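In what follows, every heavy atom counts, from backbone to side chain, and hydrogens, waters and symmetry copies are set aside. None of these values were measured; they are calculated from a predicted model. We name chains A, B, ... by the order of the sequence lines, and we start the count at 1 in each one.
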There are 2 protein chains.
Amino acid sequence: MSTAEETAGDEAQPWGEVTPDAARRLLVAAVEAFAERGYHATTTRDIAGRAGMSPAALYIHYRTKEELLHRISRIGHEKALEVLRTAAGSEGTATERLAEAVRSFVRWHAGQHTVARVVQYELDALGPDARAEIVALRRRNDATVREIIEEGVAAGEFDVPDVRGTTLAVLSLCIDVARWFNAAGARTPDEVGALYADLVLRMVGAQK
Amino acid sequence: MSTAEETAGDEAQPWGEVTPDAARRLLVAAVEAFAERGYHATTTRDIAGRAGMSPAALYIHYRTKEELLHRISRIGHEKALEVLRTAAGSEGTATERLAEAVRSFVRWHAGQHTVARVVQYELDALGPDARAEIVALRRRNDATVREIIEEGVAAGEFDVPDVRGTTLAVLSLCIDVARWFNAAGARTPDEVGALYADLVLRMVGAQK
DNA sequence: TGACCCGCTAAGCAACCGCTCACCTCGCGG
DNA sequence: CCGCGAGGTGAGCGGTTGCTTAGCGGGTCA
């Protein structure tokens, strides 16, 4: 937030905070490899090769292969959480904020679907401590969405019999975008975001 | 369909068609292991161990570890497809059939979430030929749901601006149940199915 | 009874994995 | 001009992997 040019989520320049340069190149290579083949099917030689380095170079910047996944998961989740909270904290009715939250959250999962896939589907490869940390971040996501829905219900904007279940379904819908996006093609992240925002407003019974 | 006692989908007795007994035990063990740790993180020794056999016994019934995954994926997808098509082919309005399709499809993904997880998330571990076969099965799922929605729109029951996108979202929502189910706990497959059927009817703008 | 064969095991092979270590290169302060 | 530390490499170690092979026990049938 130091300059006015930075936009929320840094969607154009991810990993900008990772230094030095070689460490960032390795991390980007790992994201690509993990997203393509999965964590366990990816070798350290493959990661180093994509970054144009020898296999041993990886261990100068990261202690283990798991630390790479841990770093990716933490940064990725923090970016997604930031996107969500920015939308949730904006001004407007619950209807407007829920639509904006879904739109931007989905746009992130579609645009950064390679990062999102790693973050969402390789969680089990982490050790107990690292996994617990990531799960805690994820719970803050859930709480953010649930609060908007609860406010909408309290304000009479929404008609939701089961708030917890509906929150779960909304987040599930958004997250699963990372799985199928680009497999189908022909839709931009913006289009998917707009479609999903509309669908979610229908799910909570918001009047249009 | 030889006896009246068999129910659609065989939810109580899956893998009943797999013989001989040792082959079925290995397959069940593989499903558990793949669902817990993922395909690549599972060793053939682990699978054989769970089935109470030596590592070499696996290769009497299956040529490779990948053939195990292929068999699981094919049978699992066929079961899910059968559940969907049974609901889609029943009598009633498009609204009733869509609700029943979502209810039973979600119930299957929740109840058989260990199978579903393997089937949905380990697809990339298959070779090109096997993957193409599974993807074809999946397209029949998409078509089944899309047809119900199209019929509902034609009959004036639904209000859906983007049929393809909404179909994608509905299926995405159902499939992702396999990822989070049992992680949260406290909800039965029937309850999740009922909740999701309601949410999907809202998504397509069906009058209640 | 005894030859046969099917299902299974014990042992092990070649390849590959994550990771380490001894060594090299090169910009830079004194 | 030299020493030095940060960043990088080539080679390789111990362990594990998917899979193979030689052989064994115990039902089956002439």
*Asks:* Just how far is it from atom CG of B/Leu126 to atom CG of B/Leu69, taken to the nearest 0.5 Å?
*Replies:*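 Going from CG on B/Leu126 over to CG on B/Leu69, the span is 4.5 Å.
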*Asks:* Measure the distance from CD1 on B/Ile60 to C1' on C/dC5 and round it to the nearest whole Å.
*Replies:*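 Interatomic distance, CD1 of B/Ile60 to C1' of C/dC5: 13 Å.
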*Asks:* Rounded to whole angstroms, how far apart are OH on B/Tyr59 and P on C/dA11?
*Replies:*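 The answer, rounded to whole Å, is 19 Å.
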*Asks:* Search all heavy atoms of A/Phe158 against all heavy atoms of A/Ile149 and return the closest pair with its distance.
*Replies:*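 Between these two residues, the closest heavy atoms are CD1-O, 3.6 Å.
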*Asks:* Tell me whether the OP1 or OP2 atom of C/dG18 has a side-chain N or O from A/Thr44 closer than 4.0 Å.
*Replies:*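 For C/dG18, OP1 or OP2 has a side-chain N or O of A/Thr44 closer than 4.0 Å.
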*Asks:* Quick one: which of D/dG18, D/dG10, D/dT21 gets closest to the side chain of B/Ala56?
*Replies:*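 In terms of side-chain proximity for B/Ala56, the closest of D/dG18, D/dG10, D/dT21 is D/dT21.
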*Asks:* B/Leu58 CG to D/dT17 C1': how many Å, rounded?
*Replies:*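 Distance check: B/Leu58 CG to D/dT17 C1' gives 13 Å.
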*Asks:* Looking at the side chain of A/Ala57, which of C/dC19, C/dC8, D/dT9 is the nearest nucleotide?
*Replies:*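 For A/Ala57, the side-chain atoms sit closest to D/dT9.
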*Asks:* Would A/Arg179 and B/Asp176 pass as an ion pair if we require N to O under 4.0 Å?
*Replies:*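 No salt bridge links A/Arg179 with B/Asp176.
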*Asks:* Counting heavy atoms from C-beta on, name the nucleotide in D/dG8, C/dT9, D/dT20 closest to the side chain of A/Ala22.
*Replies:*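 In terms of side-chain proximity for A/Ala22, the closest of D/dG8, C/dT9, D/dT20 is D/dG8.
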*Asks:* Looking at B/Asp142 and B/Thr167, what are the two nearest heavy atoms and their distance?
*Replies:*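 That would be O-CG2, 3.8 Å.
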*Asks:* For A/Phe34 and A/Glu122, which heavy atoms make the closest approach, and how far apart are they?
*Replies:*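 For A/Phe34 and A/Glu122, the tightest heavy-atom pair comes out as O-OE2, 4.1 Å.
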*Asks:* Just how far, in rounded Å, is C1' of D/dC19 from OH of B/Tyr62?
*Replies:*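 For the pair B/Tyr62 OH and D/dC19 C1', the rounded distance is 17 Å.
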*Asks:* What integer distance in Å separates B/Tyr39:OH from D/dT17:P?
*Replies:*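 In whole Å, D/dT17 P and B/Tyr39 OH are 14 Å from each other.
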*Asks:* Round to the nearest Å and state the distance from B/Met53 atom CE to C/dC6 atom C1'.
*Replies:*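 Computing the B/Met53:CE to C/dC6:C1' distance gives 13 Å.
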*Asks:* Taking only the side-chain heavy atoms of A/Arg45 (C-beta and beyond), determine which of D/dC19, C/dC19, D/dG7 contains the nearest atom.
*Replies:*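 For the A/Arg45 side chain, the nearest candidate turns out to be C/dC19.
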*Asks:* Quick check for you: among D/dG8, C/dC19, C/dC8, whose closest atom lies nearest to any side-chain atom of A/Lys65?
*Replies:*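 My answer, after comparing the listed nucleotides, is C/dC19.
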*Asks:* Would you classify B/His61 as touching base, sugar-phosphate or nothing, given that sugar-phosphate means primed atoms plus P, OP1 and OP2, and contacts are heavy atoms under 4.0 Å?
*Replies:*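 Sugar-phosphate contact only - B/His61 comes under 4.0 Å of backbone atoms but never of a base.
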*Asks:* Any base atoms under 4.0 Å from A/Thr43, or only sugar-phosphate, or nothing? Heavy atoms, all strands.
*Replies:*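 Sugar-phosphate, no base atom in range.
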*Asks:* Can you tell me how far P of D/dG18 sits from NE2 of B/His40, to the nearest Å?
*Replies:*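 To the nearest whole Å, that distance equals 11 Å.
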*Asks:* Between atom CZ in A/Arg63 and atom C1' in C/dT20, what is the gap in whole Å?
*Replies:*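 For the pair A/Arg63 CZ and C/dT20 C1', the rounded distance is 16 Å.
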